[in-house]
**Student:** 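A single structure is presented below for examination.
Bear in mind the structure is a predicted one, so any value in this text is a computation, not a measurement.
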Amino acid sequence: MTTGGRSVLLWSVGGVAASWVAIAGAFDQLYVLIPNEPLTLTLGLTLTVISLYGLVRSARRGPQWGLVPATVAIIAVIAGIVTDGSLLALGLTIPGFY
């Protein structure tokens, strides 16, 4: 396996993990570890944006077979970004939302 192939697989696993953190933070599963909801949403949003950047960069430089796991991970990451971003935006605009 080439270095580009490993990079795509690592970013794909990292992207799925980041999307899990984002979605679990949105549904209060991480609230037990971090009792501040805006902090968990911000953490999930930050991790997903970083992993999305890494996924796109590694998928462009990696082999063609790496597009399949990268695409699946990108879809999961985008779901995490939309979930965390919308809840964070609602919390910032509506007083007492959290």
Side-chain angles (χ1 to χ4, degrees):
M1 184 180 309
T2 63
T3 311
R6 275 192 212 116
S7 176
V8 171
L9 288 178
L10 287 174
W11 276 110
S12 296
V13 170
V16 169
S19 68
W20 179 83
V21 167
I23 293 172
F27 292 113
D28 290 337
Q29 293 174 354
L30 291 181
Y31 193 72
V32 176
L33 299 175
I34 304 170
N36 188 357
E37 189 168 359
L39 183 64
T40 59
L41 292 174
T42 304
L43 175 69
L45 189 63
T46 303
L47 287 176
T48 52
V49 168
I50 290 170
S51 64
L52 183 63
Y53 177 76
L55 276 165
V56 170
R57 186 175 170 101
S58 68
R60 278 195 298 171
R61 297 171 188 233
Q64 288 182 349
W65 61 263
L67 291 176
V68 175
T71 303
V72 171
I74 286 173
I75 291 170
V77 166
I78 289 174
I81 288 174
V82 168
T83 303
D84 270 5
S86 60
L87 286 177
L88 196 58
L90 284 173
L92 291 175
T93 56
I94 300 172
F97 183 75
Y98 298 124

**Student:** Could you grab the distance from atom OG1 of Thr40 to atom CZ of Phe27, nearest 0.5 Å is fine?
**Tutor:** 12.0 Å
**Student:** Hey, does the side chain of Ser12 reach the backbone of Val8 with a donor-acceptor pair shorter than 3.5 angstrom?
**Tutor:**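 Yes, Ser12 side chain to Val8 backbone: donor-acceptor pair under 3.5 Å.
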**Student:** To the nearest 0.5 Å, what is the distance between CG (Leu39) and CG (Leu33)?
**Tutor:**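 Going from CG on Leu39 over to CG on Leu33, the span is 11.5 Å.
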**Student:** Enumerate, atom names and distances included, each donor-acceptor pair closer than 3.5 Å involving a side-chain atom of residues 69-82, sequence neighbours excluded.
**Tutor:**
residue: Thr71; atom: OG1; partner: Leu67; partner atom: O; Å: 2.5

**Student:** How far apart are the closest heavy atoms of Thr48 and Ala22, and which atoms are they?
**Tutor:** CG2-CB, 3.7 Å
**Student:** Please round to the nearest 0.5 Å and tell me the distance separating atom CG of Asn36 and atom CG of Leu43.
**Tutor:**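 It comes to 11.0 Å.
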**Student:** What pairs with Arg57 under side chain to side chain contact (heavy atoms under 4.5 Å, CB included), at least two apart in sequence or on another chain?
**Tutor:**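 With neighbours one apart ignored, the set is Tyr53, Arg61.
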**Student:** Looking only at heavy atoms, which two atoms of Gly4 and Pro63 are closest? And how far apart?
**Tutor:**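 Gly4 and Pro63 have their closest heavy atoms at C-CD, 3.8 Å.
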**Student:** I'd like to know whether Leu45 forms a side-chain contact (heavy atoms from CB on, under 4.5 Å) with Leu88, so could you lay out the CA-CA distance, the side-chain angles of the two residues, the decisive distance to 0.1 Å, and finally the verdict.
**Tutor:** CA-CA 9 Å; Leu45 189 63; Leu88 196 58; 4.1 Å; yes
**Student:** Are Val49 and Trp11 connected in the hydrophobic side-chain network, where two residues link if heavy atoms are under 4.5 Å apart?
**Tutor:** yes
**Student:** State the CG-CG distance between Leu55 and Leu10, to the nearest 0.5 angstrom.
**Tutor:**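 If I round to the nearest 0.5 Å, the distance is 10.5 Å.
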